[in-house]
Amino acid sequence: MPDLIFALLSGVVGSLIIAVIPQVRNRLRNFAVLFFCAAGTFFSWRVAIAVFAGESAEISGEIGGFPFVLSPDPLGAVFGLIASTLWLFAAVYSFGYMAGKNRQRSYFTFFLLALSATLGVAFSGNLIALYLFYELLTFATYPLVIHERSAEAMKAGKRYILYSLSGAGAILIAIVVTYSLTGNVDFSGEPILAGHRSSGLNFLLILFIIGFGVKAAIMPLHRWLPAAMVAPTPVSALLHAVAVVYSGAYGILRVVYSVFGQELMRTLSFRYIFSWVIAFTILAGVIIATRQDIMKLRLAYQTVSHLSYILLGAFTLQPWGLAGAVMHMISYSMLKITLFFCAGIISEHSGKTRVSSMGGIGRQFPETMAAFGVATLGMIGMLPLNTFWGKYYLMKGSVAAGMWPFALVLTGSGIINAVCFIPVVVNAFRGEKAHTNSGQKTGVALMLAPTLILVVIALFTGLWPGMVWPAVQAVVNWYF
Amino acid sequence: MMTVITDNLPVFVVIAPLFVAFILPTFARRLRLVEGLVIIANTLWIAGAAYLASIVLSQNGIPITYALGGWQAPWGIELKAGSLGALFILIIAGVSLMVSFFARNNLTEEVGSYERVARFYVLILLLGGALAGMAVTNDLFNVYVLVEIATLSCCGMVSARKHARAAEAAFTYLILATLGSILVMGGIGFIYIITGHLNMAFASQELGRVWQNSPHVVWMAFSFFLVGFGVKAAVFPLHVWLPDAHSTAPAPASAILSGLAVKGYLICLLKILYNVFGQTLMQQYAVQRILVIVGTLTIMAGSILALTQDELKRRLAFSTVAQVGYIFFGFSLINTKGLSGALFYLVSHAVIKSTLFLAAGAMISATGEGKISGLAGIGRKMPITVAAFTVASLGLIGIPLFSGFIGKWYLLLGSMEAGSVIPAVVIIAGSVLCAAYLLPVIRVAYFEPTPEVDVKDPGLSQKVALIVLAAAVVILGILPGPFMELANMAATELLVLK
Amino acid sequence: MKILLEKLIINYPYFAAVILFIIGALTVLTRSNLFKKLIGINIMESGIFLMFVAAGNIRGGAVPILEEGSSRSVYINPLPSALMLTGIVVSVSVTAFALALILRLYKEYGTTDARRIAEIRSGVLKK
Amino acid sequence: MLFVILPVIPLIGVLLLLLKRNRAINLPFVAGITVLVLGSLGLKSVFAGNGLTFRLPLPGPFQPTFQADPLSAILVILTAFLFFVVSVYTPKYMKHEGGIKGFEACMLLTFSAVLGVFTAGDLVTMLLFFELMTITSCFWVIHRWNEEAIRAVFFYLFFSIIGGLFLGLGIVMMGAATDVLPAVGGGVVIPSDSKKFVLSMVLLVAGFGIKAGMVPLHLWLPHAHSAAPAPGSALLSGLLIKVGAYGLIRVGEFAGWGIRMESELNRMGPVLSVLGVCTMVAGVTAALLQSDAKRLLAYHSVSQMGYIILSLGIAVFMGADGGLALTGAVYHIVNHALFKAALFLGVGVIYIHTNETNLYKLGGLWRHFPVTAALMLPAVLGIAGAPGFNGYASKTMMHHAVSAAAKTGTGWMLWVERLFTMVGVGTAASFTKLYYLMFLGKPAGIKVAKNRAHSLQIAMGLLAVVMIAIGVVPQLFPDIAAIPAVQALGMENASNTLAGISFWNFSDIFSMLITLILGMLVCWIGLKSGVFHRQPPSWLTLEGLGKLAGQGILALSNKAAELYGSVVKCIRNSGSMMIRRIYSVLGKFGQNRNSTTGGVTLSWISADTALIIIALAFLIVWYTLINPGLSEQRLIYMWIDN
């Protein structure tokens, strides 16, 4: 299956090539980055389309005596699609953001490497491959987190990597347990643990969830995420709102549906506990967000909250819940990246990072703040935006699963989201037009264009969710 | 002809380095020659080891036995080159070859005059021979003698550098190791008193019959062996000599000490535990419980202590302590997976730790700074060294694609099979701590501002050594095939014997 | 109790070995002079040697030298004694090496007192 | 099927608005009149009983559906008419306030959204347009960008968003209760899970209730409606809150109009009635105390919505006999839209000439604005329910319905009837106050800008004409529109119940006149005694309570955050303490090893040796005493045995 290999390799090859282009040839490098990102996107679209059409693509081999399988199923294909497509946007945004900054080479090298790692996570066909790429992702993104090289960045990087590795360790134990129970780690076919019945499996579930929950930032394990906000904005946007954190959420979806399987999950009592932990995360995350003054931190805590939406969908064990989770994955990523992009534009061109100092900023950046406002509505889950659909199906799933309090939790979270961001948007437009002598306007178009395009796509998919529905349907049909 | 070589292979792999060690001082004035000789000897040795391993592999793990001097087993000394021996000798020979490559043109500044360098090589070869002997010998008292040879040559290496700390560390090491040897000898004495045999196989048979007549002596033997080898293999809390000794030695010596010497004692302990006492007795006395406790304690304590060190080599030395804990822990798992995991981990740690020490030595000698903070930004100036260090670090942490992962995987599987989850958690915690103490080095080397001073990669042969070792880490991680097979056979053999 | 005493009397060489071992250990522990520590090590080794040799002893056995026409049928076991020869050689070499190291330490620190050396060293470290 | 084009027309208008440079054409006006004409023509057939539906065949889960039944048609035409009227008014007015282009764009967008809500054929489509309406109309509220407007927009947005979320949840519940989402206008729903169905109804009522300004969810309404520019206020009050009422009617349809509710739902009627009465009373009481004309009008919107909600409640309560109440509600929706729009427009006229909306600073303005004063009169009389004006018709109908309900013998219904009358008095009083203080009374020394405002007066005139027409021929509207609508909703015998009503009978007119006179008296007393200036303590008012609740929630969240923070800190502290302890213990095995035992200090090698000996001793002791593997063979036993 050449598409699969091309999709995976484009990032690695790209990063190797970028690493040798000298620091001064910025234009050439940007072109190369764009090319490889586009290649990755193109091939992962091809893979995804093939997968949705029901073809199976599989590469299997052996690494270190372990079976190593790459075979995207619809869920993986969806994740790959989201990641690679947004990578393209983030790449364009990065050109604008990084223009005239130091260490562009290392930035773009790891930027592309992380693309490969993320696609690897998405396309992995067994636990071993998943684990491998999961670790690789940690290491590929670490240099991006500490890109500023400040003491704060180093501290954040340390926290990031230790949290991630601890999580990976828990996953490793869980994989070993799974393997020693079943001798099988493959995702294809029946769920790996199907047919096992034991209350001890609860602890296995805990291990898996702690492991992936670190990256998915479930509440006690979330503390690396706000710290990692010292990274450059495109990185925060892409990795800490989408790729890295989604790899955790994706892992949990995998664990629930491919490792345990919904039938087994239904018998495990711990899933209720986890559901409540997740509900707590949904509310607490966004409540903490309202108390943050630094914009990126606010967004980060909101990410914590919204990631748990996806997990909630997974834990409903209902087709609707899963559909909601997938839908939320797709739609939330677009809007969250938009929010980060907007925050980045503002902080780059006005130097303002605090919410309290952003009064009147919208007069200076009307398009940016408009995009921000629209994305905010999406975060609340209002209709013309596609996030409504995610939320709708999530609520539907929780009600169908008999967990209707979680539907209330989702609603409540929407309200708090409004409290959190509506004032920002409204305050941004109050007052007179601010001084518009923001000296360097370089790359504002490059930064604004992806932002606006994403907003338009989000609006469009909100009005016509059928556009992404085949993907959702493929995932749901795969598991139910 | 073939049979002559084949039959004498077990003794060849032991004698070859020892022999070269004896003739080496005669050429002491001519350093080039000494170095050439050492490399040739090592190459021959590794060829022999590889041949031995291939034979063992093709025989499906059936060992080649060799009676020294023609005296047959109960009376004479027997060498038994099984899969365990073949595996270990192969790794000893390989690592020493690379270390001697690294040491080329490099030792004088650390050790001193040419003669001292020659003596240093003598010690390396002696140690190699002794370790190889430990791996293949089937005689208990022979174990004691070889342990002593190894201890003395290690002490020599530790004291090779000319400052006070080296002498101090060497003295501490010598006293403690001798205490350990005394205990080992005492243990051997107890075995002999009970069974009247020094040959492991016979002693083991006899022990199986008579242990119930004098269970307390068996206890004494167990505890003497455990403490004796525990001191030498540096398990917590008996590791106290190791950090000083391993960090003050010259880089090649540290590599060999951490990578190989400690492993030799572990192999001895393994053989005594499984071949002499056997798993029945181990279970009877619940020795594995001690091993688990000591192993997990060692992992945690070693890792945490490593975390607090500022000096790179001390940090690596403490990391060795932690990794010994893994192997010790693996010995406690009386099942094939756990044991083969421990053995593979032993192999991979030998390669990884020697890479780390060699790279650290290169970095330290280039910058003249022993502290981690002094390595800022050298990743760009010494790309190959730091890259090798990085690869080895990732291997030690246990990232897939690198050799450490496979060892850890089987250890985890083994502990699952043994039904214990907490040690598994400790293993993972150890990995995370390992990341915590190794990654800052890499971070400092790559992501801190580059200094003005002019540092460069070491010379060609050093680079070759580093590249080969780092490649070995990756290759062992991706294609562990024959090594894993040997480890598997060894584990099976250890378990089947009794 | 009686049995115990009886055992003690019968196995007196072993108890002597244990006492030697303990004396050696205490010497190493409590004496801060490096030479004395070394001597303590040697005493411990002697204890072990004694144990080995005692294990080879057979009550009433003769020296294991075969002579023409000797009527003795019980010889003591020569093997442990032979082994202990090796052991003594090893112990001598260890002692020699240790003495050399003590010499070097003396040159560096001007003393052979372990506690003093430790103090000097920690002072050095503090500087 | 062509009716689907209606919401699209304003969107085309927006596009054109964004493209065009000069201001030659009044695009909202064009859009309004187009929709009015097309809507009237296209939806005429609806009243004959053939409903229209259209499903946009998009692939995927969401296929927007549209439908038009008589109720939709009434509201579409009403919408078009109001927008048309307001668009006549807007250019002139907005010249005064500025930002006309944005205002017109929002107006067109809102127009489209409102049309969408009224023609939506399923709940999700309805929610879509509902949310769109919220977003686009919030720009009216915030148009002035002053503190008051921002405060108002926060209120407006938060309440609307919460309403939207409630609706979303309600839709989900509805889906769960019925398996297939019921279509709007599809009639009674047979739920498979009646508990969820009730829950869903509650949520939907709350969601639409927020929009309709139902007590206690009305707190946003006075702020928002008074902060917007006059045309915005007119539309907000006249039309947008009717969306809530429309929603309530549609929700009622799921439970079934004209049939006795199932056991779980039988409380819906009383609950709605009580809520309606509360809304009426709260609105009118607050309105009486207002000094600002626009706030007074806004509170009256609350109060008038109370009438509508009460009628709906009564209609539910009465079951098959509720036709009168339902018709009254629909009728009042239309009437309120007309007179409230006219009132706001009138106040707007005053505002742009005087820059003042505080009633106590105005006075005697009829000299300056004779036409405006004349055109305001029908609206004031209409809302007060004076016979011959439009309010009279609908209020009479509702009054009859309430009386009929009271006659069923339920005790509390009598109180409802009394309160109904009292609210009528209050309404009359407050509008007497409005009209008196504004146009009559002493001329205040306020500067009045002179300029001619024909277009403003034309707009108001249009409304006045319609109002008077309805007032004169009150039977016409129910006959041609309201009764078919109510019948289409399921009140089969609506025409029968209505047959007994004649608008021009003595008792009704008399009671209305009494009410009016009482109202004037109350107003006179109030003005004389200064009661209207007295503000009640804040804890007594709903605003105050709302504020208190808000502060409570804030304090609670602060406390919770504090608690969370302290828990996190505690965990972190204990963790770091544990780590320090571990470090200090392990440090003993690090560089400088020494330990003091019993007066003997062991250092360096001695300490190391001690470690070894301790380890050995420990192992020996372990094996002898506590080795678990040898539990049955104890030490002493072995010694003796040996």
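Computed from heavy atoms alone, side chains included, the values below leave out hydrogens, waters and symmetry copies. Convention: sequence-line order gives letters A, B, ...; per-chain numbering from 1.
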Q: Which of residues 176-184 of chain A have a heavy atom under 4.5 Å from any heavy atom of chain B?
A: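 Residues in range: A:Val176, A:Val177, A:Tyr179, A:Ser180.
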
Q: Report the option among B:Lys408, B:Met484, B:Arg443 that has the most heavy-atom pairs separated by less than 4.5 Å from atoms of chain A.
A: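 That would be B:Arg443.
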
Q: Determine all donor-acceptor pairs shorter than 3.5 Å in which one atom belongs to a side chain in residues 114-129 of chain A; sequence neighbours excluded.
A:
unit_1   : atom_1 : unit_2   : atom_2 : d
A:Ser116 : OG     : A:Leu8   : O      : 2.5
A:Ser116 : OG     : A:Gly11  : N      : 3.4
A:Ser116 : OG     : A:Val12  : N      : 2.9
A:Thr118 : OG1    : A:Ala114 : O      : 2.6
A:Ser124 : OG     : A:Val121 : O      : 2.8
A:Asn126 : OD1    : A:Ile128 : N      : 3.4
A:Asn126 : OD1    : A:Ala129 : N      : 2.9
A:Asn126 : ND2    : A:Pro67  : O      : 2.9

Q: Looking only at heavy atoms, which of residues 144-164 of chain A get nearer than 4.5 Å to chain B?
A: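 The residues closer than 4.5 Å to chain B, in numerical order, are A:Ile146, A:Arg149, A:Met154, A:Ile161, A:Leu162.
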
Q: I'd like to check B:Phe405 versus A:Leu132 (side-chain heavy atoms, cut-off strictly below 4.5 Å). Are they in contact?
A: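 A side-chain contact under 4.5 Å is absent here.
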
Q: To the nearest 0.5 Å, what is the distance between CG (B:Leu394) and CG (A:Leu136)?
A: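 If we round to the nearest 0.5 Å, B:Leu394:CG and A:Leu136:CG are 10.0 Å apart.
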
Q: So what's closer than 4.5 Å to chain B heavy atoms on A:Phe66: side chain, backbone, both or neither?
A: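 Side chain of A:Phe66 only, per the 4.5 Å heavy-atom cut-off to chain B.
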
Q: Among B:Val425, B:Leu476, B:Ile399, B:Ile475, which residue has the highest count of heavy-atom pairs closer than 4.5 Å to chain A?
A: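 Answer, by heavy-atom pair count under 4.5 Å with chain A: B:Ile399.
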
Q: With a 4.5 Å heavy-atom cut-off, do B:Leu439 and A:Tyr142 have their side chains touching?
A: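 When only atoms from C-beta onward are counted, A:Tyr142 and B:Leu439 do not touch, as no gap falls below 4.5 Å.
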
Q: May I ask you to name which of A:Ala168, A:Ala170, A:Pro143 has the most heavy-atom pairs under 4.5 Å with chain B?
A: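 Going by pairs under 4.5 Å, I would pick A:Pro143.
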
Q: With a 4.5 angstrom heavy-atom cut-off, which part of B:Leu433 approaches chain A: side chain, backbone, both or neither?
A: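 Neither; nothing under 4.5 Å.
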
Q: For B:Ala435 versus A:Leu165, what's the shortest heavy-atom pair and its separation?
A: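 The answer is CB-CD1, 3.1 Å.
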
Q: Quick one: what part of A:Phe68 sits under 4.5 Å from any heavy atom of chain B, side chain, backbone, both or neither?
A: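 Neither; nothing under 4.5 Å.
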
Q: Suppose a student defines contact as a heavy atom less than 4.5 Å from any heavy atom of chain A. Which residues in residues 332-350 of chain B would they list?
A: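 Against chain A, none of the residues of residues 332-350 of chain B fall inside the cut-off of heavy atoms under 4.5 Å.
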
Q: Supply the atom-to-atom distance B:Ile427 CD1 to A:Leu172 CG, rounded to the nearest 0.5 angstrom.
A: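 It is 9.0 Å, given to the nearest 0.5 Å.
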
